[in-house]
2 protein chains.
Amino acid sequence: MTTTDTQTGDIRETFKDFLASKGLRVTNQRLAIFDAAYGNSDHFTAEDLLEHAREIDDSVSRATVYRALPILTESGLIREVDVGKDYKFYMANKNATTFQAQVICLDCDKIYEIDAPFMEWYGKTVADKLGLNVESQRLQVSARCGGDPNSACQRGGKTS
Amino acid sequence: MTTTDTQTGDIRETFKDFLASKGLRVTNQRLAIFDAAYGNSDHFTAEDLLEHAREIDDSVSRATVYRALPILTESGLIREVDVGKDYKFYMANKNATTFQAQVICLDCDKIYEIDAPFMEWYGKTVADKLGLNVESQRLQVSARCGGDPNSACQRGGKTS
DNA sequence: CTCGATGCAAAATTTTTGCAGTCCC
DNA sequence: GGGACTGCAAAAATTTTGCATCGAG
């Protein structure tokens, strides 16, 4: 099943255009990695991405995944989510609107994305005072559900 | 020169008490690591800490530093500052009052600590909605001074 | 055709761990 | 004196890199 519903298909073209505009080549491996990233509905690691990309194109190697990730993040099509583990998470940037904070459940390893529009203002204000220009921001809350059946973790659903 | 001005001396006793209360032993290496941490006025890495601890007690090994860091952070005497590099930073918690955000200059590798008292409320509010209990939080702004002589980086002073 | 892109495996880096010996309590 | 602590070196674990080969344009 080649992922080609209307929206994803369009974004795929955007990716190709981005590659072209940077003088980079459109290879099967890069497309497989892109498709794998957008086929994944949640957060994923480099290793997850490799695994899924290989289901699409068997020839994708780990090195190529690691070489593609900076390209994809630079294009804005995927977002890096570093929650302080020793490996990084990524996620498809399907609706890139406002800044998002993460709430991380340390018990379940789930990551919730939360709109935090005030960060736009906050970062600029704080950086201005130091004479710096904002590049990126992180706002993360690490928390625990403690197995509480009323928590979003237990009621919710998808495993991160 | 054994670092024993009034304040640091007191905190050192606090550290010893903490060790005792946890049934841990007060060893020369642990004290050397503690002193090195409090002798460092800025952010430091595990490797920095090892180096400085060895200036105090030659016998301190890398493994012991890594084994001491969790104890020191758990005691609240030092704080872990993970800015998303592949290694972590730490800093002595000399005045542990309000929550602190970090502004990181990507050009200079400097880290500024900024009071962000509203985070207390923010984290709790967001976690409550999910039914979780806050464990810790991070608020970081990555920015660039671009060499601007008016920026805090260039006027300021200490290198991180 | 040409040069960027890839796969493989070795390397690099930070942190962790097993084990035998050491020293705090 | 007993068991926690330490140093050393090897191991883990993720990401990077060198090099010969492949393939997009």
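Residue numbers start from 1 in every chain, and the chains themselves are labelled A, B, ... in the order their sequence lines are given, proteins ahead of strands. Every value quoted in this text rests on a predicted model; they were computed, and no experiment measured them.
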In terms of side-chain heavy atoms of [X], which of [options] is nearest?
| X | options | answer |
| --- | --- | --- |
| Arg54(A) | dC8(C), dA5(C), dC8(D) | dC8(C) |
| Arg67(A) | dG3(D), dT6(D), dT6(C) | dT6(C) |
| Arg62(A) | dT15(C), dC5(D), dT15(D) | dT15(D) |
| Lys88(B) | dT15(C), dA5(C), dA9(C) | dT15(C) |
| Tyr87(A) | dT15(D), dC24(C), dT15(C) | dT15(D) |
| Gln29(B) | dA9(C), dT6(D), dG23(D) | dT6(D) |

Between [N] ([atom2]) and [X] ([atom1]): distance, integer Å:
| X | N | atom1 | atom2 | value |
| --- | --- | --- | --- | --- |
| Asp57(A) | dA24(D) | CG | P | 11 Å |
| Asp58(B) | dT6(D) | CG | C1' | 14 Å |
| Lys16(A) | dA24(D) | NZ | P | 12 Å |
| Leu69(A) | dA5(C) | CG | P | 16 Å |
| Glu47(A) | dT16(D) | CD | C1' | 15 Å |
| Leu19(A) | dG4(C) | CG | C1' | 12 Å |
| Glu80(A) | dT15(D) | CD | P | 9 Å |
| Ile71(B) | dT6(D) | CD1 | P | 7 Å |

Donor + acceptor pair across side chains of Gln137(A), Gln140(B) (<3.5 Å):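 Not at all, the side chains of Gln137(A) and Gln140(B) share no donor-acceptor pair under 3.5 Å.
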Thr45(B)-Asp48(B) side chain donor-acceptor pair, cut-off 3.5 Å: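 The criterion, which ignores hydrogens and geometry beyond distance, is satisfied for Asp48(B) and Thr45(B).
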Residue whose nearest DNA chain C nucleotide is more 5′ - Leu24(B) or Gly23(A):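 Result of the comparison: Gly23(A).
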Test log, rule side chain to side chain contact (heavy atoms under 4.5 Å, CB included), inputs Val60(B) and Ile33(B): CA-CA 8 Å; Val60(B) 173; Ile33(B) 292 167; 4.0 Å; yes
Establish, with yes or no, whether the OP1 or OP2 oxygen of [N] is under 4.0 angstrom from a side-chain nitrogen or oxygen of [X].
| X | N | answer |
| --- | --- | --- |
| Thr64(A) | dA5(C) | no |
| Arg30(A) | dA5(C) | yes |
| Tyr66(B) | dT15(C) | yes |

Pair Phe118(A) and Tyr122(B), ring centroids less than 6.0 Å apart: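 Yes, close enough.
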Electrostatic pair Glu51(B)-Arg54(B), nearest N-O below 4.0 angstrom: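 Salt bridge: no.
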